[in-house]
Every structure is written in C-alpha cells, then in structure tokens.
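All residue numbers in this chain count up from 1 along the given sequence. Heavy atoms only: backbone and side chains are in, while hydrogens, waters and symmetry mates are out.
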Amino acid sequence: MKISGSDLHLFRVFESVVRNGGISAAQMELSLSQPTVSNHLTALEQRLGVKLCERGRRGFSLTEEGRRVYEICTEISGMLDSNSARLSCLRSALAGKVGIGIVDCMATDPSFLISDAIADLSETAPEIELNLKIMRPNDITKAVAENDIDIGIGGSDIKVASVRYHIIYREEHAVFCGSAHPLFQRKEEEITSAECDRHPWVHRGYWYGIRRHRFDNSAANRVAFDIEAQLLMVLSGAYLGVLPIHFANSFEQQGRLRRLPLADEAYFADIEVATRAGEQAANVAYVRDAIINAHRMHL
C-alpha cells in the first residue's frame, strides 16, 4: 500500500480517536463533528480492508488489527513531526515567516506585552517576518497542533497532548451589565448571585467545564464566540456577561457598563504561549522566547 496525503489525514483522525478513548472526546481536538469523524474511520477501514474498532452503545474498543494500525500511526506522526522541525532548521536561523495566532480583544490589556517583544525582535532579528492573526481560542489550539501557525497566544479549556503551553500572565474577568439593564441602578448590597440567576446571560461558546455549567439551564441565555460580540450583547442591557476587566474598563468609565459585585463569578484566565511539542525551528523558538521574556521582565 502506497500512503497518500489523504491517508495521512485519516491516520491522524484515527490516532486522535484512539488516544482520546472515543469519537466524542476526539471531536473537540479535531474540530470535526461526530458523523464526520465516524465517516473518516469508516473510510480508513475501507482503505485498509480491515475492521479497526468497535464503536457504539457499548463504547469504543480496538480490534487486534486496530492496535497494530495505531502503532503505525504514532510512528508516522512522530517521524513527520521530527523531520518537519529538522527541515525548518535548514533555513536561515533567524529569518523567515513566523505565524502567531492571538485571541481577540487583547490590545487593551496593559499586562499583554507582545508589543515590547515585537519591538525587541525588530532590532535583534529584523529578518524574521511576523504574521499576526486574531483567532478564537480553540481554533488557535487546533492551528498550532496542525502546523497552520507556529505560536498561539490566549487561553483555552481544551488542551492537546502535542502542544506545549507556557503561562505568561493571568487575565482578570468580572460580571458586567449594560446601562439599560434592571441591575444597573440597583444598590450594591441588593445584588446577589440568586438575583443575577433570574436574568439572561450571554456566555462564550468555547467555554467548557466549570465556567459553562451554570449557563446550560435557561433557554433565555445566549452564546457568542467572540468577546466583542459578547460585549455588544451585554451593552444591549438584555444580558449579563463575564468580560475581561481591561476590555470593559473604557465602557465602564463612559457609564455604559457596570461591574457587578459577584466575587463567585469572577475568575482569572491563564494567558498562555502555545507551541508544538518537540524541536522547534530556530526562528520560532526565538520569537517564542522573546514573547515569554517580555512578560517575565515585568512580573
């Protein structure tokens, strides 16, 4: 059997499903729907001519052939990753493009010091071309894992084994309401969590775990996938929302937002620098270290 590019994609899907213990757990890492993942597994079984796994109500389990194919998949994946890094290192050490994905609404955060890193890089490595993109958190994780970008900056509830994370600082969030909201003029001592639970909320669609559980109970709640979109919903006065304090600050000063005294709903998001695990091209490692060091100097 001659392995093609489409085969490599099917291998990657199969490897993720096995490593995560089933289709449901793998679909978030792959950013694919369950039917699509299942179809990819079927296509790989047809391509190889063997049954790889049992999947259904009884759960997920590998056949003997599936275990052997999984071993081959991990070997191929490791070989491709290591040789990709080696090929990248053939280029001039501190030159070429470095793609960086950044979550939205970071420019207003005084703790986010990438501008300092960029200024330093323009002097010490002027031949490195930075390509900055604003992306959603889970898209950043996927793009780093799949080599679509070199460095990701943000925070995501989803962690991928093939990606290495380094926390550079913590971003503080709090609950806000708009000036037209019923709670805007309410006395602080009258505002409780129980009172807030009676109002609709807008939360971020990429939240998982403890920050999401509270939002699944009301049909009146809404979802936004970008912080600026979430802000617009809160400014309408129809919804409460948890926003980064630095981003909401100017609207609060204008009298368009109010920070509500709900300590149990406030939280700190870890802002991380994410790169692929293993050896990095010299230019990527240099940029990554410049970003980390810029924040370390201001701790």
Hits for ring pair (Phe, Tyr, Trp, His ring centres under 6.0 Å) against His9, two or more places apart or cross-chain, chain-then-number order -> His40
Interatomic distance, NE2@His173 vs CZ@Phe268, rounded to 0.5 Å, equals 10.5 Å
Quick note, salt bridge (charged side-chain N to carboxylate O under 4.0 Å, His left out) partners involving residues 284-294, not counting sequence neighbours, are none
side-chain hydrogen bond (donor to acceptor under 3.5 Å, both in side chains) filter on Ser122, not counting sequence neighbours, yields none
Establish, from distance only, whether the side-chain atoms of Thr63 and Arg68 form a donor-acceptor pair under 3.5 Å. no
Glu45/Arg55 ion pair, N-O < 4.0 Å:
yes
Same cluster or not: Val50 versus Ile76, using hydrophobic residues (I, L, V, M, F, W, Y) connected whenever any side-chain heavy atoms lie under 4.5 Å apart? yes
Problem set entry | Exam field: side chain Gln230 to backbone Val202, donor-acceptor pair closer than 3.5 Å | yes
ask   = Taking everything shown except Glu190 itself, do over 12 heavy atoms lie less than 6.0 Å from its CD?
value = yes
When you look at Val17 and Leu41, which way does the side-chain contact (heavy atoms from CB on, under 4.5 Å) test go after all the steps?
CA-CA 9 Å; Val17 170; Leu41 294 181; 4.3 Å; yes
d(Asp139 CG, Thr141 OG1) to nearest 0.5 Å is 8.5 Å
### Message
So Lys97 and Asn131, do their side chains get closer than 4.5 Å, heavy atoms only?
### Response
no
Quick one, Phe60 and Glu54 - any side-chain contact, counting heavy atoms below 4.5 Å? no
Scanning both residues in full, the closest heavy-atom pair of Pro137 with Val103 reads CG-CG1, 3.8 Å
Residues passing the side-chain hydrogen bond (donor to acceptor under 3.5 Å, both in side chains) test with Asp104, sequence neighbours excluded, are none
Exercise for review: Using modelled atom types only, decide if a donor and an acceptor are shared between the side chain of Ser31 and the backbone of Gln27 within a distance under 3.5 Å.
Suggested key: no
Review point. Does atom NZ of Lys51 have more than 12 heavy-atom neighbours from other groups under 6.0 Å away?
Key: yes
Residues passing the side-chain hydrogen bond (donor to acceptor under 3.5 Å, both in side chains) test with Ser6, sequence neighbours excluded, are Ser4
For residues 172-181, the salt bridge (charged side-chain N to carboxylate O under 4.0 Å, His left out) pairs (sequence neighbours left out) are Glu172-Arg259
Next item on the list: May I ask whether Ile140 and Leu132 are part of the same hydrophobic cluster, defined by side-chain heavy atoms of I, L, V, M, F, W, Y residues being less than 4.5 angstrom apart, directly or through others?
Entry: yes
In terms of heavy-atom contacts, Ala145 and Ser162 come closest through CB-OG, 3.9 Å
For the residue pair Leu260 and Cys177, establish whether any side-chain heavy-atom pair is separated by less than 4.5 Å. yes
Rounded to the nearest 0.5 Å, the CG atom of Leu183 sits from the CD1 atom of Ile191 at a distance of 5.5 Å
Indicate if Leu8 and Val13 have the same hydrophobic cluster label, given that clusters are the connected sets of ILVMFWY residues with side-chain heavy-atom separations under 4.5 angstrom. yes
The reported gap from CD1 in Ile153 to CD1 in Ile291 (rounded to nearest 0.5 angstrom) is 4.0 Å
Step-by-step side-chain contact (heavy atoms from CB on, under 4.5 Å) determination, Ile227 to Arg204: CA-CA 7 Å; Ile227 297 177; Arg204 280 172 243 165; 3.8 Å; yes
Residue pair Thr74 / Ser77, side-chain donor-acceptor N/O under 3.5 Å:
no
Main chain of Trp201, side chain of Asn221: is a donor-acceptor contact present, judged purely on distance under 3.5 Å?
yes
**Request:** State plainly whether one hydrophobic cluster holds both Ile167 and Ile100, where clusters connect Ile, Leu, Val, Met, Phe, Trp and Tyr through side-chain heavy atoms under 4.5 angstrom apart.
**Result:** no
Residue pairs meeting salt bridge (charged side-chain N to carboxylate O under 4.0 Å, His left out), one or both in residues 32-41, sequence neighbours left out, come to none
Just wondering, do Leu52 and Tyr70 contact through their side chains at under 4.5 Å, heavy atoms? no
Side chain to side chain contact (heavy atoms under 4.5 Å, CB included) filter on Ser16, not counting sequence neighbours, yields Arg19, Asn20, Ala26, Glu29, Leu30
For Leu262 and Ser193, the nearest pair of non-hydrogen atoms, with its separation, is CD2-N, 3.7 Å
- Task: Answer yes or no: is there a side-chain heavy-atom contact under 4.5 Å between Gln34 and Ser24?
- Result: yes
Any side-chain heavy-atom pair of Lys133 and Ile102 under 4.5 Å: no
> Can you tell me if Asn39 uses its side chain to pair, donor with acceptor, with the backbone of Pro35 under 3.5 Å?
Replying inline: yes
- Going through the distances and angles, do Leu231 and Phe176 end up as a side-chain contact (heavy atoms from CB on, under 4.5 Å)? CA-CA 9 Å; Leu231 169 69; Phe176 290 87; over 6 Å; no
With sequence neighbours left out, the residues meeting salt bridge (Lys or Arg N to Asp or Glu O under 4.0 Å) with Arg258 are none
Contacts of Glu64 meeting salt bridge (Lys or Arg N to Asp or Glu O under 4.0 Å) (sequence neighbours excluded), chain-then-number -> Arg67
Applying side chain to side chain contact (heavy atoms under 4.5 Å, CB included) to Ala229 and not counting sequence neighbours gives Ala224, Asp226
Here the gap from Leu113 atom CG to Ile118 atom CD1, rounded to the nearest 0.5 Å, amounts to 11.0 Å
Distance col, row Glu146:CD vs Asp148:CG, nearest 0.5 angstrom, shows 5.5 Å
Could you tell me if Tyr165 and Thr275 have a donor-acceptor pair between their side chains, going purely by distance under 3.5 Å? no
**Asked** Are Ile114 and Leu130 connected in the hydrophobic side-chain network, where two residues link if heavy atoms are under 4.5 Å apart?
**Response** yes
Open item on the list: Between the side chains of Arg276 and Asp150, is the shortest nitrogen-to-carboxylate-oxygen separation below 4.0 Å, so that they form an ion pair?
Closed with: yes
**Item:** Parallel, tilted or perpendicular: ring planes of Phe112 versus Tyr169, cut at 30 and 60 degrees
**Value:** tilted
Glu228 atom CD: more than 12 heavy-atom contacts under 6.0 Å:
no
Closest heavy-atom pair, Met135 versus Gly101, reported as atoms and distance to 0.1 Å, is SD-CA, 3.7 Å
Distance-only check: which donor-acceptor pairs under 3.5 Å involve side-chain atoms of residues 243-253, not counting sequence neighbours?
residue, atom, partner, partner atom, Å
His246, ND1, Thr108, OG1, 2.7
His246, ND1, Asp109, N, 3.4
His246, NE2, Asp109, OD2, 3.4
His246, NE2, Glu171, OE2, 2.7

In terms of heavy-atom contacts, Cys73 and Glu15 come closest through CB-CB, 4.2 Å
* What's the verdict on side-chain contact (heavy atoms from CB on, under 4.5 Å) for Ile151 and Val144, showing C-alpha distance, side-chain angles and the deciding distance? -> CA-CA 6 Å; Ile151 299 171; Val144 171; over 6 Å; no
What one should report as the nearest heavy-atom pair of Phe184 and Ser179 is CD1-CA, 3.4 Å
